[in-house]
Amino acid sequence: FCIAAPGKSSVILVPSWDDYQTLNKNVMKYHDYQGFRYFWITTSEKLKDNEYYPYYYLVDGTIKVADPYAKLMLDCYSDKWLPSGCFEDMPKYPYDKFDDTMLAVYRGDIDNYDWDDATKNFNIPDRRSLTIYELLLRDFTGDGSDQDGKQFGTFRTALPKVQYLADLGVNAVELLPVMEFNGNNSWGYNTNGYMAVDKAYGSPRDMRDFVAECHRHGIAVILDIVFNQSDGLHPWYQMYDIKSNPFFNETAPHAYSVLNDWKQDYPLVTQHWKDVLTYWMEAYKVDGFRFDLVKGLGLNSSYGNTDSYNASRVTKMKELHAAIKAVNPDAIHINELLGDDREENEMGDDGQLNWKKVNEPAYQYCMGDAKNVSQV
C-alpha cells in the first residue's frame, strides 16, 4: 500500500482485517523520491484474492482519507442510498463502526477477467468515420425514477441494448464519466476516485462485460474523463488546507472554474493522469477518451485570456496523447477545447480530435450552409 503525501509527517494504514484499529504495526514508512514524499507498507496479512478488504489512511493523526489509486471506493454518504441490484456482491460500508470516512477497497483479483478474442483482437474504427452515441448509463436503461432510488441504469441493464446500438449504425459509445463520483445520481463530472467504477453503475466485472459486448458488435468504448476538476471527497483534496494544497488551486487561474480546480503544474497530478489513462485502457480495454474542459488543463502561469491560444495546453494534451498511444496507437482522443484555430490545429496535427473542428462544419451544414459539407 502506498500513497503520495508531500509535506506530511505520518500515515497509518487502517484496514478492515484489523477491525479498523490504528495499530503500531500499520504505521507506514516513508521515502522521499525526486522531491516528493511517499508513504508505504507491505502487510503480512494473508489476504484472499476473492474477498473485498476496505481500508483508509490516517494522515498526521487526524485526517482520514481513501486511496487516490483505489480501484473501488465505499462512500460513507451515498452507499446507504444505493438501491439493491446495482452491484451484485457489493462490499458493505461498516456503518456499525463509523459513518464519516471514505474508504478504498482492496481485492487481489479485481482486475482479473477472461477477455474473449473479439476484445483481444478488436480493431478500433477509423477516427474519420466515427458514429458516436453519447450514453449516460443512469438514464439509458433507468426508469426515470432513479432520484427516488427505484431503478438505476447500469452496465448490466445496458448489456441487452448493445444490439440496438449496433442496429442504429453506431460504431463508438462515449460513456459519460463512470468513475467514482459524489452522490448516486449524477452526470459524473464530480469525480472523487479516478480509477474506481462508481457502484451506482455496477461492479468492475459488469463494466468489463459491457466493454466486451460492445467489442463483439464492432463498437468502440470511449470514456468521458474529467481532469480539470474534482469533488470535495477526493483524498488529495481532503489531505490539505486549500491555501497550501500542492494538488489543487485555491482559485482557478482560468475563467471556467467548476468545483475544485486541479493544479496542472504539479508533476504528481500529471503522473496521476497518465496512470489513470493507462489503467482504463489496460484493465478495462477501453478504446479512448473524451477530455472535459481542456481549457482548464493549462499551467497556472499560462492564463491571460482563457480563450486565447495557450501553448501549455497544447503541450499537456500532447503529453497525455503520448501516454494513450503508448498503450494503443489507434486509440481515440477527443478534446472539448473550443479554442482558437491555431491551438486546435496543433492538437489536431498530433492526432487528437477537437469538438470545434468536428462539430462546427456539421452545425453550419444543418443550418443550411453546404460549403463545409466535405469536412463533416
* **Cationic N near anionic O, under 4.0 Å, Arg128 to Asp126** => yes
* To do: Among Asp117, Asp209, Asp116, find the one that has a salt bridge (charged side-chain N to carboxylate O under 4.0 Å, His left out) with Arg216.
  => Asp116
* Is there a donor-acceptor contact under 3.5 Å linking the side chains of Tyr55 and Asp67? -> yes
* Under 3.5 Å side-chain donor-acceptor pair for Asn228 and Asp292 -> yes
* Given the side-chain rings of Tyr106 and Phe1, with only the six-membered ring counted for Trp, is the space between their centroids under 6.0 Å? -> yes
* Asked: Rounded to the nearest 0.5 Å, how far apart are OH of Tyr38 and OH of Tyr30?
  -> 15.5 Å
* Is it true that a side-chain atom of Asn245 and a backbone atom of Phe247 form a donor plus acceptor pair closer than 3.5 Å? -> yes
* Structure fact -> Grouping ILVMFWY residues whenever side-chain heavy atoms fall under 4.5 Å, the cluster of Leu233 otherwise contains Met73, Tyr77, Met102
* To do: Please check if any side-chain donor atom of Trp273 sits under 3.5 Å from a side-chain acceptor atom of Glu319, or the reverse.
  => no
* In terms of ring plane angle, is the pair Trp236 and Trp262 parallel, tilted or perpendicular, where the classes change at 30° and 60°? -> perpendicular
* Taking NZ, NE, NH1 and NH2 as the nitrogens, is one of them in Asp75 or Lys199 under 4.0 Å from a carboxylate oxygen of the other? -> no
* To do: Please work out which of the three classes, parallel, tilted or perpendicular, describes the rings of Tyr201 and Phe155, given edges at 30° and 60°.
  => perpendicular
* To do: Could you verify whether a donor N or O on one side chain and an acceptor N or O on the other, from Ser312 and Asn310, lie under 3.5 Å apart?
  => yes
* Asked: Going by distance alone, is a donor N or O of one side chain under 3.5 Å from an acceptor N or O of the other, for Tyr237 and Asn192?
  -> no
* Can a salt bridge be assigned to the pair Glu346 and Lys318 using a cut-off of 4.0 Å between side-chain N and carboxylate O? -> no
* Asked: Can Gln21 and Asp19 be counted as having a side-chain donor-acceptor contact under 3.5 angstrom?
  -> no
* Asked: Looking at Tyr284, does the NZ or CZ of Arg208 lie under 6.0 angstrom from its six-membered ring centre and within 45 degrees of the ring axis?
  -> yes
* To do: Step through the shown structure and confirm whether more than 12 heavy atoms of other residues, nucleotides or ligands are within 6.0 Å of OH on Tyr33.
  => no
* Does any non-hydrogen side-chain atom of Glu174 lie less than 4.5 Å from one of Ile332? -> no
* Does a side-chain heavy-atom distance below 4.5 Å link Asp89 with Tyr52? -> yes
* To do: Decide if atom CD of Glu51 counts as having more than 12 heavy atoms of other residues, nucleotides or ligands within a radius under 6.0 Å.
  => yes
* State plainly whether one hydrophobic cluster holds both Ile132 and Leu353, where clusters connect Ile, Leu, Val, Met, Phe, Trp and Tyr through side-chain heavy atoms under 4.5 angstrom apart. => yes
* Asked: Any link between Val59 and Leu268 through a network of hydrophobic side chains (Ile, Leu, Val, Met, Phe, Trp, Tyr) touching at under 4.5 Å?
  -> yes
* Asp261 and Asn249 side chains, donor-acceptor separation under 3.5 Å -> yes
* For Tyr93 and Asp79, test the side chains for any donor-to-acceptor distance below 3.5 angstrom and give the result as yes or no. => no
* State, without any angle test, whether Thr306 and His254 hold a side-chain donor-acceptor pair at a distance under 3.5 Å. => no
* Asp167 atom CG, over 12 foreign heavy atoms within 6.0 Å -> yes
* Structure fact -> Test ring-ring contact (aromatic ring centres under 6.0 Å, His included), reference His272, set Tyr266, Tyr279, Tyr69, output is Tyr69
* To do: Indicate yes or no: does Lys25 engage Asp18 in a salt bridge with an N to O separation below 4.0 Å.
  => yes
* Regarding Thr270 and Lys316, is there a side-chain donor-to-acceptor distance under 3.5 Å anywhere? -> yes
* Asked: Is Asp109 atom CG crowded by more than 12 heavy atoms from other residues, nucleotides or ligands, each under 6.0 Å away?
  -> yes
* Can Lys8 be said to sit on top of Tyr240's aromatic six-ring, NZ or CZ under 6.0 Å from centre and within 45° of the ring axis? -> yes
* Asked: Do the side-chain N and O atoms of Ser203 and Asp206 include a donor-acceptor pair separated by under 3.5 angstrom?
  -> yes
